[in-house]
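Read the structure below first, then the notes.
Here is the naming used below: chain letters follow the sequence lines, and residue numbers restart at 1 for every chain.
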2 protein chains.
Amino acid sequence: MASQTVENYIKAIFQISEKEGGMVSTSDLALHLGTTAASVTDMLKKLADQKAILYQRYKGVNLTHDGNAMAIQLIRKHRLWETFLHSKLDISWDEVHEIAEELEHVKSKILIDKLDQFLGNPKFDPHGDPIPDSHGKFTLRSQQPLNQVSIGQTVKMVGVKDHDQSFLKYLDSIPLALDHTITVKECIDFDKSMVIQINHLNEHTISSKVSENILVKL
Amino acid sequence: MASQTVENYIKAIFQISEKEGGMVSTSDLALHLGTTAASVTDMLKKLADQKAILYQRYKGVNLTHDGNAMAIQLIRKHRLWETFLHSKLDISWDEVHEIAEELEHVKSKILIDKLDQFLGNPKFDPHGDPIPDSHGKFTLRSQQPLNQVSIGQTVKMVGVKDHDQSFLKYLDSIPLALDHTITVKECIDFDKSMVIQINHLNEHTISSKVSENILVKL
DNA sequence: AATATTTTTTAGATTTGTCTAAATTTTATC
DNA sequence: GATAAAATTTAGACAAATCTAAAAAATATT
């Protein structure tokens, strides 16, 4: 079994179950991986043989302890590479994901530990997502979507919910980025769009779809 | 056809033909790639269909212009990654090759250009091998094996011929590394072993097998 | 609860890179 | 130049990951 394929399945199971909670269905996996339900069923049987997942026919799938640890190490690698690409190579936050999808499959353990050290053991990636440490521990942070912030409050942007390239590019164009200060000036009742002030300077109007996908703290 | 497999074949053909000169035989490739002659024959037919190689049954194989360019870009990627691993992550020169074998297959063009820039457009990798620039141009350098240096001369180490991990580790243990100054003190006629002085300090005796594989200049 | 719909699995086929063993071609030797 | 040895290719098979179409199971609807 190609290790890259295994890793992609494990990561997909982790991510779907994190978002949806509980068991992951065959069709969700097929959708997420861009393949068919039949292929997924075939692969799940093999992964179950390897004790990476718990698989019940017609019910769905769960990661085992080992599978979970594998997924977290993959996420660690992915986010460390994203951080490297952004902070050292100056590649924009909307481009780093795709490249990191390849880099995360490089196997060397020493590589990732040295990379972590080189980057100064960062706790968050360029999108504000937490980077698990070598033991798999995430740094958690209180955060809420911008649309829940009341008028007059000033908050700091710490992450994004949506990771689509088009959304990230749009934020760049405002420009709105991690660690920027946002003051909520107005909220239009009709469509929940918001007028915000960025870094105490320029004002912008953003739709509710945008404010829902921006994570802030304080 | 898996692009990684194609790349490994192309690189192997380039490297063997660089070392041996001329056409590359099926069995040489099989040996180099750790596979069988039959498998190589199968693959060569596919590569020829893709116009990456010129293949004549029973005669051997040559890279086309395109195949050559592909090989050089792979070597560029490999050596840039080796440089990154060594100079930024502080991974020893005997360990970088294996990791770079994986990293070189990551596809992003922007990644490799940014990496090159981040490293300061290095001309040589941690083993002293030249890094082709983005147009595929190598920086050449006059160099000769240490065993050809006469007694009394002082030279600078600029590379190694042998890249085996055991050889590199041995050099580290002396310690002998790139840019070190070497003065030839003696040469034993019987076995061509040499007494050398390193950086005008300590003296060491090295066998002819070692001196043949150390490249120096001046 | 019976039936219709959706989801999942199985069956059987395909593609890719590989293998072994046999056949063929080339090269070396007498 | 005939024959033996070595290298290469072909033939046929296999494992892995995928697919489509059909069958089976679970879920939703009336």
Side-chain angles (χ1 to χ4, degrees), chain A residues 1-14 16-17 19-63 67 70-71 74 101-102 104-105 107, chain B residues 1-14 16-17 19-63 67 70-71 74 101-102 104-105 107:
Chain A
M1 213 169 351
S3 74
Q4 199 142 322
T5 310
V6 172
E7 292 182 346
N8 285 335
Y9 270 83
I10 296 291
K11 216 179 64 162
I13 295 166
F14 182 90
I16 296 168
S17 106
K19 186 171 283 180
E20 324 262 297
M23 283 218 161
V24 175
S25 73
T26 303
S27 51
D28 274 358
L29 266 175
L31 198 71
H32 195 280
L33 291 165
T35 183
T36 63
S39 304
V40 171
T41 300
D42 288 344
M43 184 57 66
L44 292 184
K45 285 189 250 175
K46 294 174 195 167
L47 291 178
D49 289 346
Q50 309 225 129
K51 314 262 185 241
I53 61 168
L54 291 170
Y55 169 56
Q56 293 174 269
R57 276 159 78 257
Y58 293 103
K59 296 287 180 179
V61 69
N62 257 333
L63 292 176
M70 198 191 295
L74 280 168
E101 283 286 304
E102 287 191 69
E104 75 188 11
H105 296 295
K107 286 174 212 72
Chain B
M1 213 170 349
S3 74
Q4 199 143 323
T5 310
V6 172
E7 292 183 346
N8 285 336
Y9 270 84
I10 296 290
K11 216 179 63 161
I13 294 166
F14 182 90
I16 296 168
S17 108
K19 185 170 284 181
E20 325 262 299
M23 284 215 160
V24 175
S25 72
T26 303
S27 49
D28 275 358
L29 266 175
L31 198 70
H32 195 280
L33 291 165
T35 182
T36 64
S39 304
V40 172
T41 300
D42 288 345
M43 186 55 68
L44 292 184
K45 284 189 254 177
K46 293 174 195 167
L47 291 178
D49 289 346
Q50 308 225 130
K51 312 261 187 244
I53 62 169
L54 292 169
Y55 169 55
Q56 293 173 270
R57 275 161 75 259
Y58 293 104
K59 295 288 182 179
V61 69
N62 258 332
L63 291 176
M70 198 192 294
L74 279 168
E101 284 287 304
E102 287 189 71
E104 73 187 12
H105 296 295
K107 286 174 211 72

message = Just N and O in the side chain of A/Thr36: are any of them under 4.0 Å from OP1 or OP2 of D/dT18?
response =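 Negative; the distance criterion is not met.
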Length of the [atom1]-[atom2] vector between [X] and [N], whole Å:
| X | N | atom1 | atom2 | result |
| --- | --- | --- | --- | --- |
| B/Leu29 | D/dA7 | CG | C1' | 14 Å |
| B/Asp49 | C/dG17 | CG | P | 12 Å |
| A/Asn8 | D/dA17 | CG | P | 12 Å |
| B/Gln4 | D/dA17 | CD | P | 15 Å |
| A/Leu44 | D/dT18 | CG | C1' | 14 Å |
| B/Lys45 | C/dT15 | NZ | C1' | 16 Å |

request  = Between C/dT20, C/dG17, D/dT18, spot the one nearest the side chain of B/Lys46, thanks.
outcome  =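 Among C/dT20, C/dG17, D/dT18, the one nearest the side chain of B/Lys46 is C/dG17.
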Using the 3.5 Å cut-off, write out each protein N or O paired with an N or O of nucleotides 4-8 of chain C and the distance between them.
| unit_1 | atom_1 | unit_2 | atom_2 | d |
| --- | --- | --- | --- | --- |
| C/dT8 | OP2 | A/Ser27 | N | 3.0 |
| C/dT8 | OP2 | A/Ser27 | OG | 2.5 |
| C/dT8 | O3' | A/Tyr58 | N | 3.4 |

inquiry  = Can you confirm whether A/Ile53 sits close enough to A/Asn62 that some side-chain heavy atom of one is under 4.5 Å from a side-chain heavy atom of the other?
reply    = no
message = Using side-chain heavy atoms (C-beta onward) and a distance below 4.5 Å, is A/Leu47 in contact with A/Tyr55?
response = no
Which atom pairs, one a donor and one an acceptor, fall under 3.5 Å between side chains of residues 20-32 of chain B and the rest of the protein, sequence neighbours left out?
| unit_1 | atom_1 | unit_2 | atom_2 | d |
| --- | --- | --- | --- | --- |
| B/Ser25 | OG | B/Ser27 | OG | 3.4 |
| B/Ser25 | OG | B/Asp28 | N | 3.1 |

Which pairs would a plain distance check flag for residues 33-43 of chain A, meaning a side-chain donor or acceptor within less than 3.5 Å of a matching protein atom at least two apart in sequence or in another chain?
| unit_1 | atom_1 | unit_2 | atom_2 | d |
| --- | --- | --- | --- | --- |
| A/Thr36 | OG1 | A/Ser39 | N | 3.3 |
| A/Thr36 | OG1 | A/Ser39 | OG | 2.9 |
| A/Thr41 | OG1 | A/Ala37 | O | 3.1 |

key: Gap separating the CZ atom of A/Phe14 from the NZ atom of A/Lys19, nearest 0.5 angstrom   =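 Between A/Phe14 CZ and A/Lys19 NZ, I get 12.5 Å after rounding to 0.5 Å.
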remark   = With sequence neighbours left out, the residues meeting side-chain hydrogen bond (donor to acceptor under 3.5 Å, both in side chains) with A/Lys107 are B/Glu102
ask   = For A/His105, what residues pass the side-chain hydrogen bond (donor to acceptor under 3.5 Å, both in side chains) criterion, not counting sequence neighbours?
value =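 Here the qualifying residues are A/Glu7, A/Asn8.
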Under 3.5 Å, N/O pairs linking protein and nucleotides 13-15 of chain D:
none

task = Report the residues that fulfil salt bridge (charged side-chain N to carboxylate O under 4.0 Å, His left out) with A/Glu101, sequence neighbours left out, ordered by chain and then residue number.
result = A/Lys11
inquiry  = Taking side-chain contact (heavy atoms from CB on, under 4.5 Å) as the definition, give me every residue that meets it alongside A/Ala52, ordered by chain and number, with sequence neighbours left out.
reply    = A/Ile10
